[in-house]
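All chains are named by letter (A, B, ...) in the order of the sequence lines, taking the proteins before the strands, and each is independently numbered beginning at 1.
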2 protein chains.
Amino acid sequence: MPEHPSPWQNHILAALPAAAQERLLPHLTPVPMPLGKVIYEAGDNLEYVYFPTDCIVSLLYVMENGASAEISVVGKEGMVGIAVFMGGGSTPSRAMIQSGGSAYRLPGQRLRDEFNHQDASMRMLMLRYTQALITQMAQTAVCNRHHTIDQQLCRWILLSLDRLPDNRLSMTQELIANMLGVRREGVTEAAGKLQKLGVIEYHRGHITVLDRPAMERLSCECYAVVKKETDRLQSPLPPEATVPARPLNSLSR
Amino acid sequence: MPEHPSPWQNHILAALPAAAQERLLPHLTPVPMPLGKVIYEAGDNLEYVYFPTDCIVSLLYVMENGASAEISVVGKEGMVGIAVFMGGGSTPSRAMIQSGGSAYRLPGQRLRDEFNHQDASMRMLMLRYTQALITQMAQTAVCNRHHTIDQQLCRWILLSLDRLPDNRLSMTQELIANMLGVRREGVTEAAGKLQKLGVIEYHRGHITVLDRPAMERLSCECYAVVKKETDRLQSPLPPEATVPARPLNSLSR
DNA sequence: TACAATGTGTGTGGTAGCGCACATACCGAA
DNA sequence: TTCGGTATGTGCGCTACCACACACATTGTA
């Protein structure tokens, strides 16, 4: 069995035309993504970007007093390090691995080359993914303002679930609390309710979702908005509003 | 006196090299931007983008139950309608004029043409501006989670002030409450405190900032983070991390 | 000058989430 | 088997904010 998953498990890499895949492949390095590792710190100059295959990375802001809040989450549908092609080279937020697995690493300059390549496929994919990321951030802001911990917990678990292979996730309540920017006790209480309802089952850092439809009902609208917009922006045939008219090849592999 | 301000009052247009300015000028139409007007609704397909010269536009999300929250704010430093070049063509949020004035309108296709032009200036400017916008959204999320209404009001007024010519803004407390996603009474109370401290003075929809340094002290860190990052991303000479090495001409006029 | 519309001040009770202090349960290592 | 670290449960007082209700003041208009 292979030590690393195929790079084409990442949706962006998979959606590239064969020629672009061939250009990138020699520069893609598989890297382990252990839980808790900080990929980059706020203000760091980004040397590499990462394409997750089966891990989840959280982008979170850490305040001066140590309190934190998750801005958005990245899994196999996206990439970590958009500041590399956006031009800033760094961001005020931290990228931390929230669920272990592996990813493919690409030097920043290679990404910029491909971004500016005559074949605009990579550019289109990156920009559309960035818009999905923006939607997620915007919805996080709304959710933080208006929704209860119970609703937010549901949203958060669902977003994670969409990026994982099965219905189980390994996360302590403490960690979840850091992501949501709330007290651990608040998560304990919310999770207790969900368990009592038979929607989830958890046990020392391991959560199993038993009734996903119920979960979606209990979540706020934010999850659905983000999911719908992400799907729209990553549908294989982009709408005519897209920059160049040249269609993408359907993925090779 | 001219009926419309010069397009070069907009920082993005001003930062373009002369050749790019000449390409765009014939397609830039001055448009009035009256307070309260909705530039585009959530889900609308964007026909035009707007470059404010002296108005402020709020991007805000309106929930199913009618509650709202501001995602970010755009003034003469930026543009409205990034979804046009990001590829989505629409967003789940609304763009509404928060402070009246005027702007220059550009057809979406013209923007895409310039975005993909061999001269990458426009592309660089747009991408860097987008990153600044992302920073603002992320910080809004953090602020909504952790800070009090008093702090957020300071942040919000400062962000608006940076986009206006003087130290006065015309906004009712009701409007501000909608932007911050809180009750009007909450804003009344916070504004009352600021007035008592002699930091601001207001009178039926007109706020005058008397002591800006105090305002900055009373604000949360979020304002400073956004300001610093925005300045960094829009400094005239981008750092080497930027996509193409070709330098921008320093702005004409 | 009357009047309605608009903008602001204030009070009362209710609740979600906080900070803190512990208690308890589980699990792996010595 | 004991023990110490880790994960979770629970209670208590506190505060910021909410929802609602209503008073009052300013402004433009008839």
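Rounded to the nearest 0.5 Å, atoms OG (A:S58) and CH2 (A:W156) are 6.5 Å apart.
The side chain of A:E185 has D:dG11 as its nearest neighbour among D:dG11, D:dA21, D:dT8. Of all nucleotides listed (C:dA25, C:dG9, D:dT27), C:dG9 comes nearest to the side chain of B:Y202. Here the nucleotide nearest the side chain of A:T188, chosen from C:dT8, D:dT10, D:dC17, is D:dT10.
Note on A:K193 versus A:D150: salt bridge recorded, some NZ/NE/NH1/NH2 to OD/OE distance being below 4.0 Å. One finds no salt bridge joining B:E174 and B:R184 here, because no Lys/Arg side-chain nitrogen approaches an Asp/Glu carboxylate oxygen to under 4.0 Å.
One interatomic measurement links the two molecules: CD of B:Q151 to P of D:dA16, which rounds to 11 Å at whole-angstrom precision. Note: NZ (A:K193) to P (D:dT10) measures 13 Å, nearest angstrom. Atoms NE2 (A:H146) and C1' (D:dC17) sit 13 Å apart, rounded to a whole Å. For the pair A:Q173 CD and C:dT24 C1', the computed distance is 14 Å after rounding to whole Å. Rounded to an integer number of Å, the gap from A:E189 CD to C:dA16 C1' is 9 Å. With rounding to whole Å, B:H147 atom NE2 is found 15 Å from C:dC18 atom C1'. Distance NE2 (B:H203) to C1' (C:dG7): 10 Å, rounded to an integer number of Å. Between A:N144 atom CG and C:dG17 atom P the separation is 12 Å, expressed in whole Å.
Take the nearest nucleotide of DNA chain D for A:R183 and for A:R145: the residue whose nucleotide is more 5' is A:R183.
The base of C:dT8 lies outside donor-acceptor range of the side chain of B:R204, with no N or O pair under 3.5 Å. A donor-acceptor contact under 3.5 Å links the side chain of A:R184 to the base of D:dG9.
Among the heavy atoms of the strands, none lies under 4.0 Å from B:G186.
Side chains of A:H11 and A:K76 form a contact here, defined as non-hydrogen atoms less than 4.5 Å apart.
Within 6.0 Å of CD in B:E185 there are more than 12 heavy atoms belonging to other residues, nucleotides or ligands.
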